[in-house]
2 protein chains.
Amino acid sequence: MIKKDRERKGISQKEIARILNVSTATVSLALRNSEKVNEKTRVKVKETAELLNYRPCEIARSLILNKTWSIGLIIPCFSIIYYSELTDAIQKRFREQNYLIITLSADTPEKRKEAITVLLNRKVEGFILPKINPDELYWLKKEKAPFVLYDRPEDSDYTDYNFVCVDKFKGAYKATEHLIKTGYKKIGFLCEIRVDEPRKRGYIEALIDYGMKIEKEWIIPGAGYYKDGYNGAKEILKMKKRPEALVCLNDISAIGAIRAFQEENIKVPGDIAIIGFDNVKEGIYSLPLLTTVDQMVEKVADEITNLLIETIENNKKEKRQIIIEPELVIRESCGCEIKEKEGVTGKNNGGDEE
Amino acid sequence: MIKKDRERKGISQKEIARILNVSTATVSLALRNSEKVNEKTRVKVKETAELLNYRPCEIARSLILNKTWSIGLIIPCFSIIYYSELTDAIQKRFREQNYLIITLSADTPEKRKEAITVLLNRKVEGFILPKINPDELYWLKKEKAPFVLYDRPEDSDYTDYNFVCVDKFKGAYKATEHLIKTGYKKIGFLCEIRVDEPRKRGYIEALIDYGMKIEKEWIIPGAGYYKDGYNGAKEILKMKKRPEALVCLNDISAIGAIRAFQEENIKVPGDIAIIGFDNVKEGIYSLPLLTTVDQMVEKVADEITNLLIETIENNKKEKRQIIIEPELVIRESCGCEIKEKEGVTGKNNGGDEE
DNA sequence: TCCATTTTTTAAAACGATTTTAAAAAACGC
DNA sequence: GCGTTTTTTAAAATCGTTTTAAAAAATGGA
């Protein structure tokens, strides 16, 4: 039933051409301000288009031009603040370049594959993807669409892929170093379960570089959720020999830990210093304000945009790896600079939902 | 330059037809499992398609079928948690129905208009929009695309529009009532600056219904940001006659208020009870855990999906307004459990044992 | 074998644009 | 007025798919 709903269809160049008694070629050229049509005609066409509320059909353009100006972005979840901040940043940049970002959330390999397939069928010109596993990478390579990962792929020859990521090793190193320099001697780490996690290596290396002893018991595994921080802190409270500072794998678990300590009347900072990782908005809702490591969302978005657009428009084949250095954000939770009470005016105050 | 980049193009039905020496009609029908082609042919076509990694071109399908299976969703900002939760919920539902949600953020009328235009040119079949002003509504009406607002439009005959929203009046009423029933007599309200705000009316009406006095000074205006709650609390601390409970227009400002009180060693709850509005994830990061009013994101998403898909697929012209009743989420910040327990203990035992 | 059905296949048109080719119209010189 | 050059426009091809209507092939009955 091709012609059903005709009344809902908009007007086309053909219609304008019919009305003005010119050819569709003239209309097409006039609308794109071609020098090939004389001015009077051009003005007339544009006026009529305006009058009839003409909307160019991007679909038809895409088909003939073999260009969709769309990019697929896959994130694990919208409501994890880090990803929504990234989405915001990426979207803003691509829109400036006239590309449309289509964001889909998918948190398992299966869902990711499904989402990517949907987008491939829609002929997106490229993808921005989270860290994905080697199987997925292999599958993706068979498709012709270029992509940029926003984390470094593991267990693969990473020079085969475009990616942009922050140097988590260095971030954890800086965090640990900050605690050491502030004067803490006994430093624990709330780590990810995964063994060869760069953050963990950064923590350990900093301790080694500053000649400090590594206390196995103080490396507490978790998954990075609020409750992991909470439980980790409770774990610490059970120890005979407690650390006096704690590096956390992310802000959310750091906040969980803070809450657990406060519940038991352990002061943060004072009794224990805590440093997070991400610099996510939640950090400015916490009491004390969270000292953390900034993941540089804006910079990451910048690099992703440049890299992907260059790849698409110049049909670049070489892959590039961009690693961004994270920065320390010193607030209250490590107690080094308590006087600076600017919590209220911090980065993006969050806000009303309407 | 129509044929540039040919090497990047995928293979088409035409190509499959050429290889198998059949017509494109046969290929098209076979791929969609039509009964019109006999099984042998169908299998052959599908095998070949699989082998060549054929990807249907949704663009071409859209053009001929006049159907894009896409919906535009405009939100003010990704990184306000309420909107990302809504996005997640909406996206999930539409994907089940084979629609693609294209989410764009835009926080001013101009940006919204631009975003909507982009999506109109891409021929989305409908929109999901935030509360927009009458000018925008008027402009939108001229376009043929159906839309659903996820808040109630103001200053307009709202029966002209589809919308789905939570009953904020009732939410605020419930929040206030909860405080009253818990035993608080002096209740303040952190309100939006806007005069005829439903939440404010809910607060006032509850006070009236329970025969309580309205203390003008305790109605503190703000914009709903973290800092507004923070500043509002500081305001309260300056008063000679302070409220003993505070209804906040949203969770974020409630958390801001909590922080301000805690800074001055005012206990929440205990010295002052605080109730939020939204039931946003931040509420479970706070200490105390925030008692709040749930905005029912999942239900809102459900209703939006049903309403919009029905409008699109059945070409419904009548507009519908769906109002959802919010629910109280009782956690720690109003201390009701503690009070109730005390109350119950008192009544039952009249006793003075610990 | 032949005709009438039924099943299977296909050519051609359509969707809304862009681009190319070629022809028509206008401008110009002699 | 005619030939040549320049400007403008019309017509046709194209993109990848779906659909219609008609042709071709297979089947069945007499």
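In the text below, chain A, chain B and the rest are named by the order of the sequence lines, each starting its count at 1.
When each of D:dT18, C:dA17, C:dT20 is scored by its nearest atom to the side-chain atoms of A:Tyr54, the top-ranked nucleotide is C:dA17. With distances taken from any side-chain atom of B:Ala60 to the nucleotides D:dC15, D:dG16, D:dT19, the minimum falls on D:dG16. Here D:dT18 is the nucleotide among D:dA10, D:dT18, C:dG16 with the atom lying nearest to any side-chain atom of B:Ile64. For A:Ser23, whose side chain is taken as the heavy atoms from C-beta onward, the closest listed nucleotide among D:dT9, C:dT10, D:dC15 is D:dT9.
Residue pairs meeting the salt bridge (Lys or Arg N to Asp or Glu O under 4.0 Å) criterion with at least one member in residues 41-55 of chain B, sequence neighbours excluded, are A:Glu143-B:Arg55. For residues 60-80 of chain B, the pairs satisfying salt bridge (Lys or Arg N to Asp or Glu O under 4.0 Å) are B:Glu58-B:Arg61, B:Lys67-B:Glu125, with sequence neighbours left out.
Of the residues in residues 30-44 of chain A, those placing a heavy atom less than 4.0 Å from an atom of DNA chain C are A:Arg32, in numerical order. Residues of residues 12-21 of chain B having a heavy atom closer than 4.0 Å to DNA chain D, listed by number: B:Ser12, B:Gln13, B:Lys14.
B:Ile132 places a side-chain heavy atom less than 4.5 Å from the side chain of B:Arg112.
Comparing A:Val22 and B:Ile59 against DNA chain D, the residue whose closest nucleotide sits nearer the 5' end is A:Val22.
In this structure, the ring pair (Phe, Tyr, Trp, His ring centres under 6.0 Å) partners of A:Phe163, at least two apart in sequence or on a different chain, are A:Tyr158.
In this structure, B:Thr26 reaches the C:dT10 phosphate: one of its side-chain N or O atoms is under 4.0 Å from OP1 or OP2.
Atom CD1 of A:Ile11 and atom C1' of C:dG16 are 12 Å apart (whole Å).
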Please tabulate, one pair per line, all N/O donor-acceptor pairs under 3.5 Å involving side-chain atoms of residues 303-310 of chain A, not counting sequence neighbours.
unit_1: A:Thr305; atom_1: OG1; unit_2: A:Ala301; atom_2: O; d: 2.6
unit_1: A:Asn306; atom_1: ND2; unit_2: A:Asp302; atom_2: O; d: 3.3
unit_1: A:Glu310; atom_1: OE1; unit_2: A:Arg320; atom_2: NH1; d: 3.0
unit_1: A:Glu310; atom_1: OE2; unit_2: A:Lys316; atom_2: NZ; d: 2.9

